[in-house]
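Computed from a predicted structure; not experimentally measured. Scope of the values below: all heavy atoms of this structure, side chains included, with no hydrogens, waters or symmetry mates.
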Amino acid sequence: SVEVVTDLETIHDFIQDQLERIILVHEESSLRKVEQATQAGTIRFPFSQMRRHQDTMIEAVHSALQDRQHLLVSAPTGIGKTVAALYGSLQFAVRNGLSIFFLTSKTTQQRIVVDTLRLLTSKSISSDPTGRESPAPFNSLILRSKEKSCANDVVCCHEARCPYAKNFFGKMERSALRSSFANVPVITPELVYSRAVEAEVCPFELSLELVPQVQVTVCDYNYVYDPRVSIEGLSGLDASRIILIVDEAHNLYSRAREYYSPELDLQRVQILKQHALSSRVEFELPLQQSLAENGQAPAQSKPLSNDFLKVLAEFLSGIEEYVEELGELFPEIRENPQAVISFDREFFREQKNTLDELMQRYLMEQRRWGRWQDEDQILDFFYSFSRFCGVLELTGDEFVHVLDVSAKTPRLKIICLDPSGQLKKINKKYFSVLAMSATLTPLEFYSDVLGLDQNSRRLSLPSPFPPENRKILVIPDVSTTY
């Protein structure tokens with residue numbers, strides 16, 4: 001045991017200081033929102049005139065937000081959906097203290113959004129008689145994935161392996177990085193990266209810290225719809241105060257099916273088990289070498305590691321045995337390599353609890369001895385197994401459990417046939433969802449599969465170009481056989 005000397009006065013002063021900082025940040029944020037709300041009317045349409053039907057879409061966005069309803073828009077390429085959706089929602093959002101999440105399925109789509117935001121910002125900034133520019137009525141942040149944001153030589157998010165993760169919040173407080181972005185109209189990943197590296201903090205974590213400070217966040221679908229990720233949870237935002245704009249919404253359905261269709265490959269289990277068994281003797285050798293290089297003594301590490309690896313191997317053996325039993329319980333798998341079965345939820349709940357306890361021991365041991373790996377098989381398995389168990393807890397006819405023995409080793413699959421129910425649960429949390437694309441016909445079908453409620457509004461717009469400009473080609477050499 002270790003005796004800890006408690007200095008109550010120091011603890012009191014520390015808590016007092018942190019509370020004062022939190023209150024100050026909150027007051028500054030509230031004041032900024034009040035100032036921006038008064039500037040909502042200065043947000044201008046960035047072009048001299050609107051395209052055909054663009055005004056109709058803007059009015060539909062205004063009306064849907066006013067009544068707090070979802071809106072599905074099918075509009076051909078060329079109408080200017082991006083600027084119509086942003087302009088139509090920005091005034092309402094800024095005036096009412098709401099945030100906007102603009103979701104895309106590809107990074108290339110984000111470039112158009114960034115260009116549009118820059119245009120909107122430049123048209124909304126005014127100057128006084130002295131030539132001094134007023135602050136922009138809104139600012140925006142473009143989120144980049146953790147892997148693409150990483151400033152370390154390898155993606156390993158632990159302070160023992162990454163200097164940018166070490167003492168992250170302490171560096172944030174000393175550097176005043178959050179406030180340095182307050183008057184930046186469009187916060188790009190490149191700007192976040194450069195300032196983060198200069199202050200030696202994680203660029204990705206810094207970008208998450210900035211989400212509550214901006215009015216518009218541009219990011220991938222998965223920040224909202226992937227069950228493994230929760231941007232409002234990561235940023236502390238209230239989803240009911242967020243407007244979602246879903247670009248190219250026809251892509252969301254297939255993406256959501258992937259989110260809710262995890263699988264568990266027995267080969268991965270067997271490889272990890274073999275790794276655990278073979279490492280019981282050699283496990284400490286690289287650790288001892290690492291500690292010796294740092295002048296530390298590796299005493300008492302080997303027994304704990306051997307015990308952990310033994311329990312891990314037993315846990316993985318339990319999964320192996322379960323899969324073997326499934327083969328015996330469903331003999332039809334011998335004739336059909338893919339059989340629809342029902343997984344034992346109680347078994348996986350127990351396994352998940354066991355793995356959670358194992359991971360607590362594992363992370364404590366890693367932290368104790370400073371042994372962090374760039375590619376951690378154990379952590380990777382923990383995340384994938386947790387995802388599998390999380391989706392398994394979801395019930396409904398839209399989920400099918402499959403035992404697949406078509407490959408060398410069996411795989412347990414959860415296949416989501418229809419993710420609309422899960423999408424609907426997520427959509428209900430948000431203030432409003434504006435889903436748009438050029439290919440959302442029939443509207444009733446897409447309204448249903450994208451999880452929008454029956455009261456959602458629908459808008460279908462014709463092409464803005466003259467019909468006589470359309471050129472139709474018939475190429476008989478291209479097969480249309482399905």
Side-chain angles (χ1 to χ4, degrees), residues 146 155-158 160-161 222 226-230 233-234 258-284 287 301-327 329 341-395 399 401-404 407 409-416:
K146 179 184 291 187
V155 182
C156 183
C157 303
H158 192 274
R161 185 63 182 83
N222 60 349
D226 189 336
R228 295 169 295 178
V229 183
S230 171
L234 291 171
E258 294 175 7
Y259 293 152
Y260 292 95
S261 299
E263 65 176 55
L264 185 61
D265 192 340
L266 189 62
Q267 183 179 30
R268 190 173 184 182
V269 174
Q270 292 171 342
I271 290 173
L272 186 57
K273 176 185 172 183
Q274 187 60 37
H275 172 74
L277 291 173
S278 63
S279 298
R280 287 181 62 187
V281 177
E282 299 90 355
F283 182 72
E284 296 304 326
L287 173 58
S301 58
K302 187 172 181 178
L304 177 61
S305 297
N306 281 339
D307 177 60
F308 168 79
L309 290 168
K310 178 183 177 182
V311 177
L312 176 62
E314 291 173 353
F315 165 81
L316 296 168
S317 294
I319 297 177
E320 276 188 301
E321 293 169 4
Y322 174 76
V323 176
E324 290 174 3
E325 290 175 4
L326 285 178
L329 288 171
I341 63 175
S342 180
F343 299 147
D344 186 344
R345 286 190 173 87
E346 189 57 39
F347 168 80
F348 281 99
R349 287 190 193 111
E350 293 174 0
Q351 293 298 98
K352 178 63 169 59
N353 291 335
T354 301
L355 185 58
D356 286 344
E357 293 175 3
L358 275 170
M359 290 312 300
Q360 289 179 21
R361 290 180 56 186
Y362 178 69
L363 294 173
M364 288 175 65
E365 181 174 316
Q366 297 291 75
R367 185 174 184 85
R368 180 182 179 187
W369 301 109
R371 187 182 187 275
W372 298 96
Q373 305 173 56
D374 298 341
E375 295 182 6
D376 195 319
Q377 295 183 53
I378 296 175
L379 273 179
D380 287 346
F381 177 78
F382 169 72
Y383 291 133
S384 62
F385 189 80
S386 297
R387 181 195 174 202
F388 184 90
C389 293
V391 175
L392 185 59
E393 288 296 323
L394 302 174
T395 57
F399 293 102
H401 302 169
V402 175
L403 173 60
D404 185 349
T409 53
R411 286 177 293 170
L412 306 184
K413 295 181 176 180
I414 302 174
I415 299 176
C416 181

Non-hydrogen atoms of Cys416 and Ser261 that approach each other most closely: N-OG, 2.9 Å
Candidate pair Arg361 and Asp307, rule side chain to side chain contact (heavy atoms under 4.5 Å, CB included), full reasoning: CA-CA 11 Å; Arg361 290 180 56 186; Asp307 177 60; 2.6 Å; yes
Heavy-atom side-chain contact between Lys352 and Ser386 under 4.5 Å: yes
Evaluation steps, side chain to side chain contact (heavy atoms under 4.5 Å, CB included), between Phe308 and Ile378: CA-CA 12 Å; Phe308 168 79; Ile378 296 175; 4.1 Å; yes
Close side-chain approach of Gln270 and Leu316, heavy atoms under 4.5 Å: no
Student check: side-chain heavy atoms of Phe343 and Tyr322 closer than 4.5 Å: yes
Pairing residues for Asp404 by the side chain to side chain donor-acceptor pair (under 3.5 Å) criterion, not counting sequence neighbours: Gln338, Ser406, Arg411, Lys413
Ring geometry between Phe315 and Phe385 (parallel below 30°, tilted from 30 to 60°, perpendicular above 60°): perpendicular
Closest contact, heavy atoms only, Leu264 versus Ile319: CD2-CG2, 4.2 Å
Point-to-point distance, once rounded to the nearest 0.5 Å, from OG of Ser317 to CG of Leu277: 7.0 Å
Thr354: partners by side chain to side chain donor-acceptor pair (under 3.5 Å), with sequence neighbours left out: none
Check: Tyr259 main-chain N/O paired with Arg387 side-chain donor or acceptor under 3.5 Å: yes
Worked check of side chain to side chain contact (heavy atoms under 4.5 Å, CB included) between Glu346 and Glu350: CA-CA 6 Å; Glu346 189 57 39; Glu350 293 174 0; 3.8 Å; yes
pair Gln377-Arg268: side-chain heavy atoms closer than 4.5 Å: no
Under 3.5 Å donor-acceptor, Tyr260 side chain and Val391 backbone: no
With Arg345 via side chain to side chain donor-acceptor pair (under 3.5 Å) - residues at least two apart: none
Residue pair Leu412 / Leu403, side-chain heavy-atom distance below 4.5 Å: yes
Between OH on residue Tyr383 and CE on residue Met359, distance to nearest 0.5 Å: 7.0 Å
Phe347 atom CZ: more than 12 heavy-atom contacts under 6.0 Å: yes
Reported CZ-to-CG distance for the pair Phe382 and Leu358, which is rounded to 0.5 angstrom: 10.0 Å
CG-CD distance between Leu355 and Glu357, expressed to the nearest 0.5 angstrom: 10.0 Å
Shortest non-hydrogen separation from Gly318 to Gln351 and the atoms involved: C-NE2, 4.5 Å
